[in-house]
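Here's the structure we're looking at; comments come further down.
A quick note: this is a predicted structure, and the numbers were derived from the prediction, not measured. Read the numbers this way: they start at 1 and go in the same order the structure lists the ligands and their atoms.
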Amino acid sequence: MEISFHNKRILVTGAGQGIGRCLAKKLAECHAEVVAISRTAKYLDTLKEEVPQITTIAVDVTDTENATKLIKEHGPYHGLVNNAAIAELQPFFEVTPDSFDRLFNVNVKAPILISQVVAKTMIDNNIEGSIVNLSSQASLIALRDHTVYCGTKGALDIISKVMALELGNHQIRVNCVNPTVVLTDMGKLGWSDPKKAEPMLNRIPLHRFAEVDDVVNAIIFLLSDSSKMINGVVLPIDGGATAN
Ligand code: NDP
């Protein structure tokens with residue numbers, strides 16, 4: 001299946017590192033006009049060096065006023081990937097109000113506010129758009145020490161379905177992808193210790209973690225017209241981990 005995003009502008013948040021960075025590069029290969037937002041400028045600088053046609057914006061997605069202003073200035077958009085997120089691990093009794101606020105601000109509040117701005121540009125320009133939210137297997141199965149992170153991803157799943165319901169009227173599709181562990185910096189935080197990794201691997205029928213490309217390819221499919229009747233799904237990319 002040949003996918004081209006010729007003449008289509010797609011915004012990717014958290015594009016400095018990990019899954020978002022690979023996605024931005026792959027979208028550019030598929031001829032998309034990529035707008036890449038991330039927190040740390042130095043990672044965006046090297047992305048720009050590698051792929052000069054990508055537009056980069058260094059802004060924290062929780063700096064709502066600046067982020068939404070810059071996003072508006074670079075629109076309109078045909079696609080959005082809400083990928084930026086943070087994880088902090090603590091046992092249930094050690095969850096703090098600050099940690100709760102940090103995670104919900106980045107992982108839940110920012111995707112809602114950014115999607116409002118982007119979807120408005122789609123509606124104003126009669127664009128049949130696609131929004132993909134990066135959720136996780138953490139919304140579907142309980143993970144030790146992940147109280148708040150699991151909570152943010154569970155919230156994102158149902159928020160995505162409500163968005164699919166309300167934005168569908170405007171021919172804007174909204175879907176989630178829910179990967180198992182991917183050994184990016186975030187993935188290593190929770191799963192580089194073999195004592196933690198082994199039980200998780202044993203839970204996955206394919207007995208391996210996901211590669212970045214496994215996630216990127218699914219997102220590209222959901223952004224493209226090849227999935228034009230798919231709306232409101234929560235799509236595990238987990239080798240069957242959540243099937244058992
Ligand atoms: P990484 O930590 O490797 O990369 C996350 C990127 O998001 C970084 O570039 C980071 O910026 C950016 N970011 C974080 N917070 C903000 C913010 N406030 N404003 C702007 N940018 C921000 O994560 P992954 O690539 O592993 O994860 C990508 C997505 O996939 C996340 O939504 C995650 O929850 C999800 N996911 C990941 C899994 C995994 O095992 N890795 C499994 C399931 C889901 P900076 O460069 O400054 O750090």
Which atom pairs, one a donor and one an acceptor, fall under 3.5 Å between side chains of residues 156-163 and the rest of the protein, sequence neighbours left out?
unit_1	atom_1	unit_2	atom_2	d
D157	OD1	S135	OG	2.7
D157	OD1	N178	ND2	3.3
D157	OD2	S139	OG	2.5
D157	OD2	N178	ND2	3.4
S160	OG	N133	ND2	2.9
S160	OG	L156	O	2.6

For this session: Kindly determine whether Q17 and S38 satisfy side-chain hydrogen bond (donor to acceptor under 3.5 Å, both in side chains), including the steps that lead there.
Result: CA-CA 9 Å; Q17 301 192 74; S38 207; over 6 Å; no

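- Residue-level contacts of ligand 1 at the 4.0 Å heavy-atom threshold are G14, G16, Q17, G18, I19, S38, R39, T40, Y43, V59, D60, V61, N83, A84, A85, I86, V106, L134, S135, S136, Y149, K153, P179, T180, V181, V182, T184, D185, M186, G187.
- Between K69 and D63, no side-chain nitrogen of the basic residue sits less than 4.0 Å from a carboxylate oxygen of the acidic one, so the salt-bridge criterion is not met.
- Using the six-membered ring where Trp is involved, H146 and Y149 have ring planes that are perpendicular, over 60° apart on the 30 and 60° scheme.
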Can I get a per-line list of side-chain donor-acceptor pairs under 3.5 Å for residues 186-194, giving both atom names and the distance, sequence neighbours left out?
unit_1	atom_1	unit_2	atom_2	d
S192	OG	K188	O	2.8
D193	OD1	K195	N	2.9

Considering only distance and modelled atom types, tabulate donor-acceptor pairs under 3.5 Å from the side chains of residues 49-56, sequence neighbours left out.
unit_1	atom_1	unit_2	atom_2	d
E50	OE1	K25	NZ	2.4
E50	OE2	R21	NH2	2.8

